[in-house]
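A short write-up of the structure that comes next.
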Amino acid sequence: MSSPDDDIPFFDDGEPSPATAPAAASGGSIAARALAASQSARAAAQPRPNYLSGLNPEQADAVESIEGPVLVLAGAGTGKTRVLTTRIAHILNLGLAYPSQILSVTFTNKAAREMKERVGVLVGGAVEGMPWLGTFHSIGVKLLRRHAELAGLRSDFTILDTDDVVRLCKQLIQAEGIDDKRWPARQFAQMIDGWKNKGLGPSEIPEGDSRGFANGKGRALYTAYQERLQTLNAVDFGDLLCLPIRLFRAHPDVLKEYQQKFRFILVDEYQDTNTAQYMWLRLLAQRPTGERPNICCVGDDDQSIYGWRGAEVENILRFEKDFPGAKVIRLERNYRSTEHILGAAGHLIAHNEGRLGKTLFTEQSDPDHERVQVHAAWDSEEEARAVGEEIEQAQHKGRKLNNMAILVRASFQMREFEERFVTLGLNYRVIGGPRFYERLEIRDAMAFFRVVSQPADDLAFERIINVPKRGLGEAAVRQVHDYARAKGIPMLAAARELVLTDELKARPRKSLTDVVEMFNRWQGMLENTPGHELAETILEESGYTEMWQNDRAADAPTRLENLKELVETISGFESLRAFLEHVSLVMDTDNNPDLDAVSIMTLHSAKGLEFETIFLPGWEEGLFPHQRALDEGGRSGLEEERRLAYVGLTRAKLYCHIWFVSNRRIHGLWQSTLPSRFLDELPEAHVEVAEIDTGYGGYGRGGRFGGGGQSGGPYGASRFDKAEPFSGNYNTPGWKRAQANKTDAARDNWGTRSGHAVERIAYGESGPRGSTIEGELVAKSTGTTSTYSVGDRVFHMKFGNGNIAAIDGNKLTIDFDKAGQKRVLDGFVSRV
DNA sequence: CAGCGCAAGGTTTTT
DNA sequence: CCTTGCGCTG
């Protein structure tokens, strides 16, 4: 975010003027220019730069097709990132553009970071970072900061996150006298987000949308919301896309500058773009001279899994129409998975209609490769147990836990695995969930910082005005709020004035005076105090740190730890301001790769990752495909679910084990379930039905689509429909192996394990990173009772301290000081 | 303002 | 069934 490009005026930001631009003499195709350039000094020596060697023909084509629009359909594991980064390196190497003339957008910060690194490696130190390589949002911020006044903002505007937005919506809804129970702020915030994904302002939303919320007040509320943002000098995430679009449309001269500037545009994960992002790209891609745009979009329509949050697969399907004369290059040569995994995935995805069509293949076939395994289990508990066993077996064969992942459809499925792994003492890490900066203590701390650096940030001010509790209740806050509104000034300024009057009662007045003085002092330090020092001062002087030190809740130490981590992070930045700028867009905690642990995550968060072994549990109708996707999305909903299944399968390099259960507890009630239709869509040739270990037959009796009664579905009868689904199941090698391994596993339980570690990546109520829970695991697995006794004092990560009230095997009933009586497994607690 | 009790809702997630 | 969030009360 702090690139050299930032400090240089817009019209001269480190790029050559047209006259001195490399090979930029007007006229002549890019190819001709490239030729000219390649004949120039540094490229002349080698006819073919070595970064090109090692690319396969399709990849090389994608890298070298520099002129005009190009769509690279990059299947899973076909070297997409390599193509993208090499293409950038190639453009730079040919001298066709300076780094600052390449616009390269990704969706996630992670992808942007990775790309920067890899380009850096390819071109060596020659490139001082690419100023316009980033996410849509971060580039949006950059544009807006430069042209803030044209968008009706000051350049130090704040970026509100979801939490702020919801609170703001709530205020507006209540101000309108609307019942916020009947019309929840969260829902309205989502609607706004949806509109912004489509690039719609308040006057452009469909009439139906407006009428559908709060008895027709949808549009009025949206208008009020935008007005409020403006007075707050704030934007939401959607604005980071929409405001640049508006700005470009209203100021063609500005647009033209950027169109000239960006000679090359690269877009990653194009299948995930929403309408606003599409419009944004369209605007920038037009060449002022009318030439064909040099835009290269890379994506995979078969991996489009974000339709529910506004992504339009149509964008990628329509590419050739949008960009006439576009060259389409397919990358189908896969370097990740075995022929069986690719065969299974390819056959499955072929059931989708809305796709451009691609078939992945590999040149590394081997008769020894294991086919995709399908396993059945009685219920989710057995499923978790069996997967645990498989993992242990694999571990005994010398495979690393780091190379294994469990990918679930819905996060509630994770729990069962976590519980099982805790009792087994198997290290695992959960990926996804609430992020670091969404944690309460981080958000509070950030609110303090925001008010200091941006005194007009009322949302932040309101958040912390009474934190820690200083007797400024609702009445006092309301008073400040109303005063601020009446005078049209920010709340902090209002507070400053208000304490000089006698409008407040004595006690709140004193408190508020203190608050105002604190902020005055901190603001005075802002310019000449290092960020982390100031942050520490703020947290100390405000009493915030102390508040948590005095809190006896189980998670208080973790929260203090997080605050410490926050301050440490800040020390890596020039100033508190620079940090705030960074954090509003980027904030991910890194994992600890040293710990060998199984990963557990949702299918969605697995996109882009790969593991040697993949477990895919929960392939049942209603869960996967998810009932709601079917109900709300119809055919396209089903197709997106199928793409999700495809993403899951193609994560695996060598082993892929799918599971389904016959009974699953949903909302507390046991439901008997049918195997997923996706199982029927897997090709026999690449699949092996591995095991059945209950006497239960008759998985499903026809009626694939929710009890239609008719056998089979649109895709024919199911192998799993038959009462005897698994022919000769007890004699298959798989079954025998499973039995043998079970014995191994049981034997190996003795003594090998000592404790285990649980890691949560960016997950809410987490312990400190890489924390270890010592469980009495050997005792547990041999069937003896827990080593604890009634009355023991123990600590639980989530519930805090408590006394053991009763013991039942490894299950402890504990009276927690705070949380009351709970039953927990002894693996979850430790002695105090 | 803290603590309790009750009601509702329980797919997927980034920025 | 189990968690979370809100509202009411002492």
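Letters go in sequence order (proteins before strands), and every chain restarts at 1. From a predicted model like this one, the values you see are computed outputs, not experimental measurements. Keep in mind that the numbers below use all heavy atoms, side chains included, and drop hydrogens, waters and symmetry copies.
The nearest whole Å value for the distance from the CZ atom in A:Arg409 to the P atom in B:dG10 is 14 Å. Atom pair A:Arg507:CZ and B:dC1:C1' shows a separation of 11 Å (rounding to whole Å applied). If you measure from atom CD1 of A:Ile159 to atom P of B:dT15, you get 13 Å, rounded to the nearest angstrom. Following rounding to the nearest Å, A:Ile431 (CD1) and B:dT13 (P) show an atom-to-atom distance of 12 Å. Whole-Å rounding puts the A:Ile666 CD1 to B:dG10 P distance at 14 Å. Rounded to whole angstrom, the span from the CG atom of A:Asp272 across to the P atom of B:dT15 amounts to 12 Å. When rounded to the nearest whole Å, the span between CH2 of A:Trp280 and P of B:dT15 equals 15 Å. Atom NZ in A:Lys110 sits about 10 Å away from atom P in B:dT15, given to the nearest Å.
When the C1' atom is compared between C:dC2 and B:dT13, the two are found 24 Å apart, to the nearest whole Å. Comparing the same atom, P, in C:dG5 and in B:dT12 gives a spacing of 15 Å after rounding to whole Å.
Aromatic ring pairs are classed by plane angle as parallel below 30°, tilted from 30° to 60° and perpendicular above 60°; the pair A:Tyr222 and A:Trp195 is parallel. Ring geometry, A:Trp548 versus A:Tyr544: the interplanar angle exceeds 60°, so the pair is classed perpendicular (tilted spans 30 to 60°).
No contact: A:Gln413 has no heavy atom under 4.0 Å from any strand. Nucleic acid contact for A:Ser605: sugar-phosphate only, since backbone atoms but no base atoms lie under 4.0 Å from a heavy atom of the residue.
Comparing A:Ala629 and A:Arg470 by the nucleotide of DNA chain B whose heavy atom lies nearest to each, the residue mapping closer to the 5' end is A:Arg470.
Among the nucleotides B:dT12, B:dT11, B:dC1, the one closest to the side chain of A:Glu632 is B:dT11. Comparing B:dT15, B:dT13, B:dG10 against the side chain of A:His137 picks out B:dT15 as the nearest. You'll find that the side chain of A:Asn466 is closest to B:dC1, out of B:dT15, B:dC1, B:dT12. Distances from the side chain of A:Arg415 to the nucleotides B:dT15, B:dT13, C:dC2 place C:dC2 closest. Relative to the side chain of A:Lys170, the nucleotides C:dC6, B:dT11, B:dC1 differ in distance, and C:dC6 lies closest.
Taking the charged nitrogens against the carboxylate oxygens, A:Glu418 and A:Arg415 have no contact shorter than 4.0 Å, which rules out a salt bridge. Between A:Glu416 and A:Arg420 there is no salt bridge, since no side-chain N of the basic residue sits under 4.0 Å from a carboxylate O of the acidic one.
A:Asn109 has no side-chain polar atom (N or O) that falls below the 4.0 Å cut-off from OP1 or OP2 of B:dT14. Taking only side-chain nitrogens and oxygens, A:Thr602 never comes nearer than 4.0 Å to OP1 or OP2 of B:dT11. Residue A:Arg665 places none of its side-chain N or O atoms closer than 4.0 Å to OP1 or OP2 of C:dC1.
Judged by centroid separation below 5.5 Å and plane tilt below 30°, A:His667 does not stack onto the base of B:dG9. Ring-to-base geometry does not place A:Tyr306 in a stacked arrangement with B:dT12 (centre distance under 5.5 Å, plane angle under 30° required). With its ring centre under 5.5 Å from that of the base six-membered ring and a plane angle below 30°, A:His626 counts as stacked on B:dT11.
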Any chance you could lay out the side chain to side chain contact (heavy atoms under 4.5 Å, CB included) test for A:Leu284 and A:Phe248, step after step, and finish with the verdict? CA-CA 9 Å; A:Leu284 285 170; A:Phe248 286 149; 3.9 Å; yes

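A:Glu546 CD: 12 or fewer foreign heavy atoms inside a 6.0 Å radius.
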